[in-house]
K.L.:
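This structure is in structure tokens; I'll ask about it shortly.
A quick note: this is a predicted structure, and the numbers were derived from the prediction, not measured. These values consider heavy atoms only, across backbone and side chains, with no hydrogens, waters or symmetry-generated copies.
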Amino acid sequence: MKQEVRTTEPEESPSDLAGTFDVLIIGAGFGGLALLRKLRDLGFSVRVLEAASGPGGTWFANRYPGARCDVESLQYSYQFSAELQQEWQWTERYAAQPEILDYVNHVVERFDLAKDISFCTRVTSAVFCDDDNTWTIDTQQGGQYRANHCILATG
């Protein structure tokens, strides 16, 4: 399977990217993407902050020869959508990294998740304020985010 790496570079200035949300998720790997979809479906305003230029977490970062999942591919896939289960066909019982990354990119496109993800955005601090029960998240790019909840989906 041919691996296509999809990346997104920030187009706006850091002040344009920052904002206030119900939930901030740090990390766009398998867990962060599932949380984004679920929380968005529940009506929360959500933003994912991802240091890498694309989704997938460890499957985006680790591209060494022979990298693959250690459980059967079907068990490794998302279970939240019957349609997704039917439309994606794994080519191997234990998928290799390129196919897993293709799957992640398919999920991001299928559920339009990229619109709620800030790629190339490295978090430098997360501070909880007891006065108003909110988190303030600063990024290396100079953006500042505020949220009622902060979830670390960093692996």
K.L.:
Would you call Val23 and Ser45 a side-chain contact if the rule is heavy atoms closer than 4.5 Å?
P.N.:
no
K.L.:
If you measure from CD1 on Ile26 to CZ on Arg47, what distance do you get to the nearest 0.5 Å?
P.N.:
13.5 Å
K.L.:
Measure across Ala126 and Ile137 and return the closest heavy-atom pair with its distance rounded to 0.1 Å.
P.N.:
CB-CD1, 3.4 Å
K.L.:
At what distance, to the nearest 0.5 angstrom, does CD of Gln89 lie from CD of Glu99?
P.N.:
10.5 Å
K.L.:
If we only count heavy atoms from C-beta on, is the Leu24 to His149 side-chain gap below 4.5 Å?
P.N.:
no
K.L.:
Which atom pair, heavy atoms only, marks the closest approach of Trp135 to Asn148?
P.N.:
CD1-O, 3.8 Å
K.L.:
Aromatic ring centroids of Phe60 and Phe119 under 6.0 Å?
P.N.:
no
K.L.:
On a heavy-atom basis, which atom in Ala67 and which in Asn62 lie closest, and how many Å separate them?
P.N.:
CB-O, 4.4 Å
K.L.:
Honestly curious: do Tyr94 and Trp59 fall in one hydrophobic cluster under the side-chain, below-4.5 Å linking rule?
P.N.:
no
K.L.:
Give a yes or no on whether Gln75 atom CD has more than 12 heavy-atom contacts from other residues, nucleotides or ligands under 6.0 Å away.
P.N.:
yes
K.L.:
Around atom OH of Tyr76, are there more than 12 heavy atoms from other residues, nucleotides or ligands closer than 6.0 Å?
P.N.:
yes
K.L.:
Under a single-linkage definition using a 4.5 Å side-chain heavy-atom cutoff for Ile, Leu, Val, Met, Phe, Trp and Tyr, are Val127 and Leu49 assigned to the same hydrophobic cluster?
P.N.:
no
K.L.:
Look at Arg37 together with Asp112 and state whether they make a salt bridge at an N to O cut-off of under 4.0 Å.
P.N.:
no
K.L.:
Rounded to the nearest 0.5 Å, what separates atom CG in Asp22 from atom CZ in Arg40?
P.N.:
14.0 Å
K.L.:
Test ring pair (Phe, Tyr, Trp, His ring centres under 6.0 Å) on Tyr103 and Trp90 and set out the steps.
P.N.:
CA-CA 9 Å; Tyr103 174 75; Trp90 293 100; 4.9 Å; yes
K.L.:
If we only count heavy atoms from C-beta on, is the Phe21 to Val46 side-chain gap below 4.5 Å?
P.N.:
no
K.L.:
Return the NZ to CG distance between Lys115 and Leu36, rounded to the nearest 0.5 Å.
P.N.:
9.5 Å
K.L.:
For Ile25 and Ile117, run side chain to side chain contact (heavy atoms under 4.5 Å, CB included): C-alpha distance rounded to whole Å, both residues' side-chain angles, the deciding distance at 0.1 Å, then the answer.
P.N.:
CA-CA 9 Å; Ile25 299 169; Ile117 304 172; over 6 Å; no
K.L.:
Within the side chain of Tyr78, is there an N or O that forms a donor-acceptor pair under 3.5 Å with the backbone of Phe30?
P.N.:
yes
K.L.:
Of Asp132, Asp130, Asp131, which is the lone residue that meets side chain to side chain donor-acceptor pair (under 3.5 Å) with Thr134?
P.N.:
Asp132
K.L.:
Cluster question for you: counting only ILVMFWY and a side-chain heavy-atom cut-off of under 4.5 Å, with indirect links fine, are Trp88 and Leu74 together?
P.N.:
no
K.L.:
Closest approach of Val104 and Leu33, non-hydrogen atoms and distance?
P.N.:
CG1-CD1, 3.7 Å
K.L.:
Please determine if Glu92 and Arg68 form a salt bridge, counting it only when a charged side-chain N lies under 4.0 Å from a carboxylate O.
P.N.:
yes
K.L.:
Is a side-chain donor-acceptor pair under 3.5 Å present for Arg146 with Thr20?
P.N.:
no
K.L.:
Are Val48 and Ser118 side-chain neighbours, meaning at least one heavy-atom pair lies under 4.5 Å?
P.N.:
no
K.L.:
Distance only, no hydrogens: is a donor on one side chain within 3.5 Å (strictly under) of an acceptor on the other, for Ser73 and Arg93?
P.N.:
no
K.L.:
Are the side chain of Gln141 and the backbone of Cys120 linked by a donor-acceptor contact shorter than 3.5 Å?
P.N.:
yes
K.L.:
Before you tell me yes or no, could you show the steps for Thr136 and Gln144 under side-chain hydrogen bond (donor to acceptor under 3.5 Å, both in side chains), namely the whole-Å CA-CA distance, both residues' side-chain angles and the distance that decides it to 0.1 Å?
P.N.:
CA-CA 7 Å; Thr136 300; Gln144 187 174 78; 5.5 Å; no
K.L.:
Could you report the tightest heavy-atom contact between Gly31 and Ala153, atom names first, then the distance?
P.N.:
C-CB, 4.3 Å
K.L.:
Without swapping roles, check the side chain of Thr124 against the backbone of Asp138 for a donor-acceptor pair under 3.5 Å.
P.N.:
yes
K.L.:
Taking all atoms of both residues into account, what is the closest heavy-atom pair of Gln85 and Gln79, and its distance?
P.N.:
NE2-NE2, 3.1 Å
K.L.:
Between Glu50 and Arg122, does any NZ, NE, NH1 or NH2 come within less than 4.0 Å of an OD or OE carboxylate oxygen?
P.N.:
no
